[in-house]
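Since the model is a prediction, treat every value here as computed from it, not as a measurement.
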Amino acid sequence: DPDGQPFTEPAAWQFVVSLLRDGTDISAMSMDCGKTGFVLKKQLPEGVLYVKLQLGSGCVIGRSFHYSEFD
C-alpha cells in the first residue's frame, strides 16, 4: 500500500475505493471472455499499481491487482 506495506484483501478493496473517489482515470477494455474490464493505474513509490475490475451481477469483481512493469 502507499505506506510500503503489503496489501491485505480488505486494504486492497479500500484502496480501490479511494482511487475511484479521488477520480483516478479508468479505461475500458475488452477481455478475452467477451466481457468489459475496467483498468485503473496508479503510480506508487513501489511502482505502477495495475487494477482491473469487472462488473458482475450486482457486484464488482477484482480481476487483477498487482504492480506492473508497464505504465
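- With sequence neighbours excluded, the residues forming a side-chain contact (heavy atoms from CB on, under 4.5 Å) with S18 are F15, listed by chain and number.
- Rounding to the nearest 0.5 Å places NZ of K41 at 13.5 Å from CG of L19.
- In terms of hydrophobic clustering, with Ile, Leu, Val, Met, Phe, Trp and Tyr side chains grouped at heavy-atom distances under 4.5 Å, V60 and V51 are assigned to a common cluster.
- Atom CD of residue Q54 and atom CE of residue M29 lie 10.5 Å apart, to the nearest 0.5 angstrom.
- Classified by interplanar angle (parallel below 30°, tilted 30° to 60°, perpendicular above 60°), the ring pair F65/F7 is perpendicular.
- For the atom pair L53 CG and C59 SG, the distance stands at 11.0 Å (nearest 0.5 Å).
- Crowding of K42 atom NZ: a count of heavy atoms from other residues, nucleotides or ligands under 6.0 Å not exceeding 12.
- A distance of 10.5 Å separates CZ of R63 from OH of Y50, quoted to the nearest 0.5 Å.
- Distance check, rounded to the nearest 0.5 Å: CZ of F38 to CE of M31 gives 9.0 Å.
- No single ILVMFWY cluster, assembled from side-chain heavy atoms under 4.5 Å apart, contains both V17 and L44.
- The CG atom of L40 sits 11.0 Å away from the CG atom of D22 when rounded to the nearest 0.5 Å.
- No side-chain heavy atom of I26 sits under 4.5 Å from any side-chain heavy atom of V39.
- Across T36 and A28, no two heavy atoms sit closer than the pair CG2-CB, 4.1 Å.
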